[in-house]
Amino acid sequence: MDHTKGLNKEQKEAVMHKNGPLLIIAGAGAGKTKTITHRILNLINSGIDPRSILAITFTNKAAKEMRERVDKLLEINNQEKPFMSTFHSLGVHILKENSRILGIIRNFTIYDKNDSKRAIKDALEEAGLDPKQYEPAKIISIISRNKGDMISLEQYQDKNKGYFTKVVSDIWKRYEMILKKENALDFDDLLVKTAFLLKNNKEVREYYQNIWQYIHIDEYQDTNKTQYEIATLLSEKHKNICCVGDIDQMIYSWRGATIENILNFEKDYPNAKVILLEQNYRSTQTILTVANRIIEKNTMRREKRLFTENEEGEKVTVYAGYDEIEEARFVADTSRDLIASNISPKEIAVLYRANFQSRALEELFLSKNVPYQILGTRFFERKEIKDILSFVRAGLNPESLVDIRRIINVPPRGIGKVSLLKILSGKETELTGAMRQRITDFRMLLLKIKEMVLKNKPSEIIKFILQESGLEKILKNGTEEDQERLENIRELVTLATKYDLLPLGDGMEKLLEDAALASDQDELEKNQEAVKLMTVHSAKGLEFDHVFIVGLEEDLFPHKKFNESEVNDEEAEEERRLFYVALTRARKKIYLTYAHMRTIFGSKKANTMSQFISDIDEELLDTDQTNSSVQTGVKAIFIDF
């Protein structure tokens, strides 16, 4: 069977390449996943052990899709598989395998953002500082950015001076002590500790270099310094590294991503082969022409022009409303009309630059009875789900105070704040006999859970916790909201059955890991028949037939921070890349909307149309008033070119 069948010339070239560094510049919709998976298949067919192949991407959704495609191509279920995961999952894997060297327990707790904020708040209070004056979110952001750049606490202190630096340094130090005490790592630790382990331990580094001799990094433009270091160290020995990315889709500099990683690839690997994938299989030619015209204004990029053999397609519709309500009404009405014309709601997406924009959209979608789903409310972030998983985490790691604090009164056990503080500070002997008994019963439950994890399947463990904790009884006899929470926990039991197939102990460990590393896009797996509402950043990697890009006003999109008088060139180029990403999510049709007036922080603000709309050639735009289905007392304003 010819596994290169159906590939274009450039894709075949990338697939057939075997040894040495390879950079694939893959435009939006250019079939990069297909290219990577066929390349992996070609390596295996040429005699490479699948276990020697590593493929890393950024989202669980992308990693899952890659695994499924490779499995289908291999057509052998019992064959050894390549290691395919996200960067964070790779970090967890390496850290757990080397937990003894690092002096951490294998079942370490992974802090989410809320856990980190809580620990920073505790550190501030411990230092006698007011969390209202020194915002925990700001401090954790500074710590996170420095960890992403592989800057240690000591280096941060040396590099920065001043009172605020002193405060951040002190809180950072206390934060690390809290993490250590609770046998916990935060999201950034999963990467930075992995990078330092590989860098500083020759034996460990060579071990993984010998295992993974062929390395693939997807979305290379989104890597930060730590991820770059991990990729570089792992590929150092064999230099068989294949990086796939698109400079035009680099939109995460605020998260530490550095465009230099992909721009300097040929400098890092002088004998690298570079292949451009420019043929798009997703969008109409009209959409691609608009996208090409937009992005060619950027200077920090590699020249390429997307093209397609698809149809020319419809022009881009532009709509201007009087205010955000008019704008939202147009989006809701047009979505309703599309659904009425037999277009599936899940093939419609509404993209916005900032989360606050969803409020007006939600109001109108509700009033028009248009089904919608907002990306951002994650299953694993629901209170009842976090409670159940905290029971498991606390059972495996009794030092995890973040979990103890969460569940010690779930369901209510009559343990007050004063008693809780004594427990957390190791002063249980000061408690009354009755209170000590409640604590003993609680700890016995955690011990039983630990024993269950080693001997039972994940679904059975969750059923046990639900019953033995008393949660089931409380929720079953509670309010309608309690009933819904019980249903969500039962859904968790259903979800856990897929982990039942793994060896005892490993299944629950994997479930906890997946829950900790879950992302917004994982919610899309439910495949709800609803219009998707999300930020442009959240839409990266997704595609829909019909895409609305709303709020196209100067200072909103392109975005300007409130404390900035003007946007610098790098920020301006990233905003343009973000708009390019939004445009290239669409297969068939794009709607661009903006409002002449918008209420922000309680004040009405007059807006000018985004420069991005002005940059599009008039012949590609449809501004005919008959396109509008809006019927209101306020006259809608359309652009007249």
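Source: prediction; values computed, not measured. Basis for what follows: all heavy atoms, side chains included, without hydrogens, waters or symmetry-related copies. All residue numbers in this chain count up from 1 along the given sequence.
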Quiz item: In this structure, are over 12 heavy atoms from other groups packed under 6.0 Å from Lys193 atom NZ?
Solution: no

Self-check item: Geometric class of the Trp254/His537 ring pair [parallel <30°, tilted 30-60°, perpendicular >60°]
Solution: perpendicular

Practice problem: Using a cut-off of 6.0 Å, state whether more than 12 heavy atoms not belonging to Lys96 lie near its atom NZ. | Solution: yes

Quiz item: Quick check: does any side chain N or O of Asp149 sit under 3.5 Å from a backbone N or O of Asn146, one acting as donor and the other as acceptor?
Solution: no

Quiz item: Should Leu90 and Phe83 be marked as a side chain to side chain contact (heavy atoms under 4.5 Å, CB included) after you check the CA-CA gap, both sets of side-chain angles, and the distance that decides it?
Solution: CA-CA 9 Å; Leu90 173 68; Phe83 191 105; 4.0 Å; yes

Quiz item: Would you say Asp441 has more than 12 foreign heavy atoms packed within less than 6.0 Å of its CG?
Solution: yes

Practice problem: Would you confirm whether Glu472, through its side chain, and Leu466, through its main-chain N or O, come within 3.5 Å as a donor-acceptor pair? | Solution: no

Exercise. Test side chain to side chain contact (heavy atoms under 4.5 Å, CB included) on Ile211 and Ser52 and set out the steps.
Key: CA-CA 5 Å; Ile211 289 179; Ser52 297; over 6 Å; no

Practice problem: Could you label the plane-to-plane angle of the Tyr208 and His93 rings as parallel, tilted or perpendicular, counting under 30° as parallel and over 60° as perpendicular? | Solution: perpendicular

Quiz item: Going by heavy atoms in the side chains, are Thr37 and Met66 under 4.5 Å from each other?
Solution: yes

Quiz prompt | Side-chain touch Asp222/Lys540, heavy atoms, less than 4.5 angstrom | solution = yes

Self-check item: Donor on one side chain, acceptor on other, Glu219 and Thr57, under 3.5 Å
Solution: no

Self-check item: Sidechain-backbone polar pair: Arg67 side chain, Met84 backbone, donor-acceptor under 3.5 Å
Solution: yes

Quiz item: Measuring from Ile404:CD1 to Glu399:CD, what's the distance to the nearest 0.5 Å?
Solution: 8.5 Å

Quiz item: Does one side chain, of Asn397 or Thr109, offer a donor that lies under 3.5 Å from an acceptor on the other?
Solution: yes

Quiz item: Does the pair Glu176 and Leu153 meet the rule for a side chain to side chain contact (heavy atoms under 4.5 Å, CB included), with working shown?
Solution: CA-CA 10 Å; Glu176 293 299 333; Leu153 169 57; 5.5 Å; no

Exercise. Indicate the ring-plane relationship of Phe87 and Phe58, choosing parallel, tilted or perpendicular according to the 30° and 60° boundaries.
Key: perpendicular

Quiz item: Just by modelled atom types, is the Leu54 backbone N or O under 3.5 Å from a matching donor or acceptor in the His216 side chain?
Solution: yes

Practice problem: Please confirm whether the backbone N or O of Ala354 pairs with a side-chain atom of Gln357, one donor and one acceptor, at under 3.5 Å? | Solution: yes

Quiz item: Just wondering, more than 12 heavy atoms not from Lys32 lying within 6.0 Å of its NZ?
Solution: yes

Exercise. For residues Met508 and Tyr499, determine if any side-chain heavy atom of one lies less than 4.5 Å from a side-chain heavy atom of the other.
Key: no

